[in-house]
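For ligands, and for the atoms within them, numbers begin at 1 and follow the listed sequence.
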Amino acid sequence: MTYMTGLQAMSESEMKRLSLADVRALAKEKLASVGVDERGSDNLADLIMCCERDGPRSHGLMMLPHYMQAFSSGYAKGDASPSIEQIAPAILRGDGDNGYFQLASELARPRLVQLARKHGIAGFTCSNIHHLSALRFETEPLAEQGLIAFCFVNSLALIVPHGGDKPIFGTNPMSFACPREGVAPIVWDQASSVVALMDIKLAATEGHALPVYGGLDHEGQPSKDAKAISETLSLLPFAEHKGTGIALMVEILAAALSGSLLSTQTEEKDSFGALNIKAGVTTFAIDPAKWGNPLFLAQVEQIAQSINKAPGARVPGDGRLKKRAEALANGVLVNGELLARLSI
Ligand code: NDP
């Protein structure tokens, strides 16, 4: 099921078309204005631009005011200098120095690729990071180098386990990427909730109900009432117990393996007015060439093509390629009110 995003819900007249270069320049300028250093602001401005280009737009310029708040309040460090240590033959451990994860991951990636190629599988776990944004940009570069990749991050507690009454898990997304022969890799990423928090907030603002049971109301009952859910901040996992299992797995792999804050440990961020907790991230990279099947890529192709053959079906994540081509050619539409808030 698809939900209208805030951007889709607006008419074109309320939107402004920006080139990707404009998006990046705006993000860079705003981040520099709250003290983010050259490297950090370049890295994060690139990420915001990539989210506007490929999706999810919810992690593009819409996130910039939250990022600025995190830096200006001192919750996140604008001159973070992450460190990476190899603690076992195929395991890297990182300390994000309270900056955005992308800085740590940029540092770790070449070593992770090298270790995966040497051992067939390697992992990178990182604590003390501020935020990660969309996971697809973590796994895609690994798949572009011929590796299968998984990435997991925990986040602010919003998901109630199936049958429970209190949020225990973050919206806990995960991403998977896999190389393909001669075409862009398979890259998908998804949260563990039925409906994204931003979509619930939008429905509440516009005064309409959700099309599905997306969270709990004030009586603790499954509800389609967007306003009530945006007040209880108690979201339901997708597919009931199955989504609960995925959210649990992400919480363990991201928070517990890295030794970061659990999704329920939100007190610290509240005093800074920040959106996110200091979560943990774990990435695994697998070199399929080391696993003994010379037909691996041919079989991936067979699977992908059989999905695409069915009318209406497509390889998950391939939507990004269409969005990317459109954005590169014509720029992107950005919410005019958001731009006004960012003083354009
Ligand atoms: P969506 O439900 O929008 O999409 C999930 C995946 O399914 C995407 O890869 C999407 O790629 C793919 N997809 C969508 N429609 C179809 C279709 N019809 N057929 C096949 N594939 C399809 O994602 P979520 O709302 O769950 O998550 C949004 C984003 O937010 C993610 O990028 C996630 O990483 C991020 N996030 C980050 C958090 C954090 O704390 N850092 C927390 C929660 C979410 P495409 O449409 O391009 O094909």
Side-chain angles (χ1 to χ4, degrees), residues 1-8 44 47-48 50-60 62-63 66-67 70 76 96 100-102 105 126 129-140 143 149-159 167 169-178 184-202 210 212 214 235-239 243 246-247 250-251 254-255 260-261 263 266 269 274-283 303-304 307-308 310-327:
M1 186 166 304
T2 44
Y3 299 89
M4 271 201 312
T5 66
L7 293 168
Q8 288 164 329
L44 206 43
L47 182 65
I48 288 172
C50 287
C51 289
E52 289 289 342
R53 186 193 66 192
D54 296 3
R57 306 284 293 277
S58 56
H59 286 71
M62 275 173 80
M63 276 289 184
H66 296 294
Y67 294 165
Y100 277 72
F101 175 67
Q102 278 71 21
S105 117
C126 190
I129 56 129
H130 173 61
H131 184 49
L132 197 166
S133 177
L135 276 66
R136 62 191 67 177
F137 303 110
E138 291 306 310
T139 54
E140 187 170 26
F150 297 88
C151 183
F152 309 88
V153 62
N154 69 308
S155 62
L156 170 66
L158 289 166
I159 293 186
F169 308 120
T171 44
N172 287 11
M174 63 174 288
S175 179
F176 170 82
C178 177
I186 297 168
V187 183
W188 59 256
D189 66 343
Q190 62 185 43
S192 300
S193 54
V194 182
V195 189
L197 179 65
M198 297 301 252
D199 289 326
I200 294 173
K201 288 193 165 170
L202 177 71
L210 300 177
V212 290
L235 276 56
L236 290 173
F238 73 88
I246 299 290
V250 173
E251 189 78 23
S260 302
L261 289 185
S263 296
T266 59
K269 72 143 194 113
L275 182 68
N276 293 295
I277 60 158
K278 295 194 170 98
V281 182
T282 296
T283 303
I303 299 165
I307 297 172
N308 286 338
R314 61 174 169 80
V315 170
D318 272 5
R320 80 190 191 286
L321 302 172
K322 202 169 157 201
K323 287 177 212 149
R324 185 180 296 176
E326 160 67 17

> Which part of Asn276 is near ligand 1, with near meaning a heavy atom under 4.0 Å away: side chain, backbone, both or neither?
neither
> May I ask you to list the atoms of ligand 1 that are less than 4.0 angstrom from any heavy atom of Ala191?
24 (P), 26 (O), 27 (O), 43 (C), 44 (C)
> What I'd like to find out is whether the side chain of Arg314 reaches to under 4.5 Å of the side chain of Ile307, using heavy atoms alone.
no
> Polar contacts were defined as any N/O atom of the residue lying under 3.5 Å from an N/O atom of the ligand; does this apply to Asn154 and ligand 1?
no
> Looking at Tyr67 versus His131, is the centre-to-centre ring distance below 6.0 Å?
yes
> Does ligand 1 come near enough to Trp188 that some N or O of the ligand is less than 3.5 Å from an N or O of the residue?
no
> Show the atoms of ligand 1 that are less than 4.0 angstrom away from any heavy atom in Gly319.
45 (P), 47 (O), 48 (O)
> Enumerate the atoms of ligand 1 whose separation from the nearest heavy atom of Pro56 is less than 4.0 angstrom.
29 (C), 32 (O)
> My understanding is that we take every heavy atom of each candidate and find the minimum distance to atom 14 (C) of ligand 1. Doing that for Arg314, Arg57, Gln190, Glu138, which one comes out nearest?
Arg314
> In Å, rounded to the nearest 0.5 Å, how long is the span from NE2 of His130 to NZ of Lys269?
10.0 Å
> In the structure I gave you, are the side-chain heavy atoms of His59 and Leu47 within less than 4.5 Å of one another anywhere?
no
> Which of the atoms in ligand 1, numbered in the order shown and given with their element, are less than 4.0 Å from a heavy-atom of Ser155?
40 (O)
> Okay, side chain of Gln102, backbone of Leu132: is any donor-acceptor separation there less than 3.5 Å?
yes
> Heavy-atom distances under 4.0 Å decide this one: backbone, side chain, both or neither, for Ser133 against ligand 1?
backbone
> If we only count N/O pairs under 3.5 Å, is Val187 in contact with ligand 1?
no
> Under 4.0 Å from a heavy atom of Ala134: which atoms of ligand 1 are those, numbered in the order shown and with their elements?
32 (O), 34 (O)
> Is Pro316 touching ligand 1 with its side chain, its backbone, both, or neither, if touching means heavy atoms under 4.0 Å apart?
both
> Test Leu158 against every option in Thr266, Leu236, Leu197, Asn172 by the side chain to side chain contact (heavy atoms under 4.5 Å, CB included) rule and name the one that passes.
Leu197
> Report, in ascending order of atom number, the atoms of ligand 1 lying under 4.0 Å from any heavy atom of Arg136.
32 (O)
> Less than 4.0 Å between a side-chain N and a carboxylate O, is that true for Asp189 and Arg136?
yes
> I need the minimum non-hydrogen distance between Phe169 and Ala247, along with the two atoms involved.
CD1-CB, 3.6 Å
> Are His131 and ligand 1 in contact, using a heavy-atom cut-off of under 4.0 Å?
yes
> With atoms numbered from 1 as shown, which atoms in ligand 1 lie under 4.0 angstrom from a non-hydrogen atom of Lys323?
46 (O), 47 (O)
> Grab the two heavy atoms, one from Ser193 and one from Thr171, that are nearest each other, plus how far apart they are.
OG-CG2, 3.9 Å
> Has ligand 1 got any nitrogen or oxygen that is less than 3.5 angstrom from a nitrogen or oxygen of Leu132?
no
> Quick one: does any side-chain atom of Asn154 pair with a main-chain N or O of Ala279 as donor and acceptor, under 3.5 Å?
no
